[in-house]
Amino acid sequence: MKVLIEQHGAPGPGGRAPVLRRTVQAEWIRVGRHASSELHLPDPRVPLAKGMIVDRDGPVYIEGEAGSHDITRKTVHAVRLKPGVPLEIGPYRIEAKPPPEGYDAALEVRLVHPLPAAGGLASQASRLTLAAHRLPKRGAAWALAIAILLLGFAVPAGRVLHAPWHAAADSAVGDRLWDPGPLILAHQPLATKCGACHQVAFRHVKDAACLECHRTVGAHVPARLEQAALFGESRCASCHRDHKGAHATFRDDDRFCIACHRDLHREKRDTALEDVSDFAHAHPAFSIALPQGEGVRLVRQGEGATLAYASNLHFPHAKHLDPQGVKSPDKGRVKLDCASCHHPDASKRGFEPISMARDCQSCHRLRFEPAVSEREAPHGNPGEAVAMIEDFYANLALRGTPDSFQKAFGVRGEGLLRRVGEPEEAQRTGALRMAQAKAQKVAHDLFEVRVCKTCHRLTREAGSALAWKVAPVRTSHHWMPAARFDHRAHASTPCADCHDVARSRDAGEVAMPTIDTCRKCHGGARAAAGKVPSNCMLCHAFHDARHPWTPNDVERTALAH
């Protein structure tokens with residue numbers, strides 16, 4: 001679906017509203033405040049994921065949670081977008097327009113209700129009193145209280161408690177008076193099975209009921225740590241509220257996170273974590289997880305430490321990104337860019353590991369006897385490569401034609417088994433000795449002169465002439481494992497804007513962006529001109545799957561402290 005989006009901003013001081021026109025081509029268009037939304041509505045009154053627009057013989061807006069590739073098709077609200085029929089989403093108005101040629105749809109988006117000034121809401125407020133309507137306070141209070149008890153409790157409670165009037169209550173109101181709203185999309189199958197969550201009438205939903213389905217959820221911190229006691233009084237429903245519409249139940253505001261993280265030393269004096277309260281103004285520099293031994297060590301950017309590690313790979317980005325190109329065996333000079341080697345994975349959020357066969361071997365070939373064969377040594381296992389080279393030359397020594405024999409060994413002749421008569425054992429031994437000597441020379445040249453040593457750190461095992469050990473390459477690594485990042489949402493940004501590798505000559509150099517780089521586009525939780533509103537949940541998750549969680553663990557931890 002190819003859609004032209006015309007987005008009108010709030011009028012400026014001169015009275016003119018800026019207009020942004022852009023083309024979006026996707027299977028569906030996500031609508032919301034999230035930075036990855038194709039139809040981005042950067043206003044705090046709009047949820048992160050409001051819904052999506054799909055092509056159903058024309059644009060159709062579907063209200064519901066729009067994930068990446070896993071979208072629940074069950075919806076609560078669907079509207080066909082037609083010219084002249086506006087759709088209001090929070091303070092925005094969306095209206096379809098006749099699409100230009102080559103487009104499937106065209107949408108006009110206007111901000112019709114800008115955020116009021118700081119004192120605007122207070123000036124609009126007015127007091128409404130009973131005295132102004134000549135109603136006595138005490139009498140009105142008693143009348144309203146009795147009416148609420150009868151209609152809001154006695155009537156619907158009769159259905160639950162099987163009171164004499166339960167049949168009438170069921171047919172008249174059912175659960176409508178107690179139902180605060182529709183369930184989220186994922187919980188829609190439970191809409192008629194209240195007992196699945198509300199296991200005991202007139203009591204809160206227990207955590208055990210949530211964990212019947214969400215068994216793999218993790219805690220924020222391991223239950224064995226002292227900080228787990230901070231959540232001893234918390235319930236799942238303290239943060240995850242349902243019956244509030246089709247959107248996600250988690251809180252996406254920063255207040256819950258900042259309550260602890262603005263002053264972590266108050267809760268634990270010896271914590272190594274730094275305080276944070278807002279990404280734009282009060283957030284520490286990023287920590288990078290550098291490989292070290294079998295694990296990693298954390299190094300914070302900007303603290304003077306060198307952000308480099310032993311990758312065991314000789315790879316100069318500067319040489320491969322030369323504007324003049326690099327020399328190719330078949331194509332002359334070829335100009336490479338980031339996409340030549342870094343390929344997005346299926347989710348488009350990250351990248352697949354670098355592959356020798358796909359990304360390197362077209363230039364770094366492993367041919368060892370090109371005059372005779374285009375065969376290449378296998379990559380990845382030195383023992384297999386040596387064995388294949390030995391087998392190749394032994395086969396030439398025994399069965400090679402005069403042409404291949406002379407090119408391989410530099411002397412006239414042919415394979416021993418091609419000659420007339422049965423060869424003697426001494427002849428066989430001599431032929432194989434010649435093949436072994438040639439294989440040893442070629443393997444040494446391949447590993448330590450021409451090919452392998454160019455990219456890898458090699459060592460030769462003691463006591464063996466044909467046994468090399470290649471240091472394991474460490475490139476596929478999560479530099480910020482505690483953060484979430486979606487490359488797909490940043491696809492329009494050039495790689496070099498965040499990863500400065502054009503002058504890098506060592507594969508162990510870490511070219512991760514700093515917090516100042518991210519702040520060029522991302523602001524804090526509050527809306528700011530020219531910045532994407534970015535709260536804690538945009539980059540961080542609360543639950544950690546590495547910390548198994550059960551109500552009993554939290555209760556024991558709370559009692560212990």
Side-chain angles (χ1 to χ4, degrees), residues 290-296 308-316 319-320 329 341 353-401 404-411 413-417 423 425-477 505-508:
L290 298 180
Q292 180 173 327
E294 297 299 325
V296 297
Y309 70 104
S311 68
N312 297 326
L313 181 69
H314 306 308
F315 181 85
K319 182 175 182 179
H320 289 76
C341 301
I354 299 296
S355 166
M356 168 67 178
R358 180 190 61 199
D359 305 316
C360 311
Q361 203 158 349
S362 60
C363 292
H364 298 275
R365 293 177 177 171
L366 304 180
R367 292 180 183 174
F368 53 90
E369 192 61 67
V372 176
S373 171
E374 293 187 357
R375 190 173 181 183
E376 299 187 24
H379 180 267
N381 190 316
E384 291 181 2
V386 170
M388 193 270 274
I389 294 173
E390 291 178 335
D391 178 74
F392 178 84
Y393 286 106
N395 184 66
L396 282 181
L398 297 176
R399 298 182 176 85
T401 64
S404 64
F405 189 94
Q406 181 173 346
K407 289 179 179 178
F409 297 108
V411 295
E414 61 182 349
L416 181 64
L417 299 182
E425 186 62 27
Q427 292 177 315
R428 182 184 293 272
T429 302
L432 294 179
R433 186 184 301 114
M434 178 181 63
Q436 178 69 16
K438 178 67 175 181
Q440 183 173 348
K441 180 180 178 181
V442 170
H444 177 273
D445 178 71
L446 184 73
F447 277 90
E448 298 192 23
V449 180
R450 292 188 301 107
V451 182
C452 304
K453 191 176 181 179
T454 303
C455 301
H456 296 282
R457 186 165 63 87
L458 302 173
T459 56
R460 182 181 291 188
E461 296 184 7
S464 175
L466 293 176
W468 286 271
K469 185 176 181 180
V470 179
V473 176
R474 307 187 72 172
T475 56
S476 300
H477 178 69
R505 298 187 177 279
D506 186 352

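Quick note: residue numbers are just sequence positions, from 1.
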Least distance between heavy atoms, [X] atom then [Y] atom:
{"X": "P423", "Y": "R428", "value": "CG-NH2, 4.4 Å"}
{"X": "L446", "Y": "R367", "value": "CD1-O, 4.2 Å"}
{"X": "A397", "Y": "A435", "value": "CB-CB, 3.9 Å"}
{"X": "C341", "Y": "I354", "value": "O-CD1, 3.2 Å"}
{"X": "L396", "Y": "A408", "value": "CD1-CB, 3.5 Å"}
{"X": "S311", "Y": "G508", "value": "OG-N, 3.6 Å"}

Taking side chain as C-beta onward, heavy atoms only, is [X] less than 4.5 Å from [Y]?
{"X": "L313", "Y": "C455", "answer": "yes"}
{"X": "M356", "Y": "L366", "answer": "yes"}
{"X": "I389", "Y": "K441", "answer": "no"}
{"X": "F392", "Y": "V372", "answer": "yes"}
{"X": "M388", "Y": "F368", "answer": "yes"}
{"X": "V386", "Y": "W468", "answer": "yes"}
{"X": "V470", "Y": "N312", "answer": "no"}

*Does R505 CZ have over 12 foreign heavy atoms under 6.0 Å away?*
no

Distance (rounded to the nearest 0.5 Å) between [X] [atom1] and [Y] [atom2]:
{"X": "E425", "Y": "Q427", "atom1": "CD", "atom2": "CD", "result": "10.0 Å"}
{"X": "C452", "Y": "H379", "atom1": "SG", "atom2": "NE2", "result": "7.0 Å"}
{"X": "T429", "Y": "Q436", "atom1": "OG1", "atom2": "CD", "result": "12.5 Å"}
{"X": "H444", "Y": "K453", "atom1": "NE2", "atom2": "NZ", "result": "8.0 Å"}
{"X": "R457", "Y": "K469", "atom1": "CZ", "atom2": "NZ", "result": "9.5 Å"}
{"X": "R365", "Y": "R450", "atom1": "CZ", "atom2": "CZ", "result": "12.5 Å"}

*Anything under 30° is parallel, anything over 60° is perpendicular, the rest tilted; go ahead and classify F315 against H320.*
parallel

*Can you say whether the rings of Y393 and F409 are parallel (under 30°), tilted (30 to 60°) or perpendicular (over 60°)?*
perpendicular

*asked:* Whether the side chain of D391 engages the backbone of A387 through a donor-acceptor N/O pair (distance < 3.5 Å, no angle test) should be reported.
replied: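 It does not hold such a pair.
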
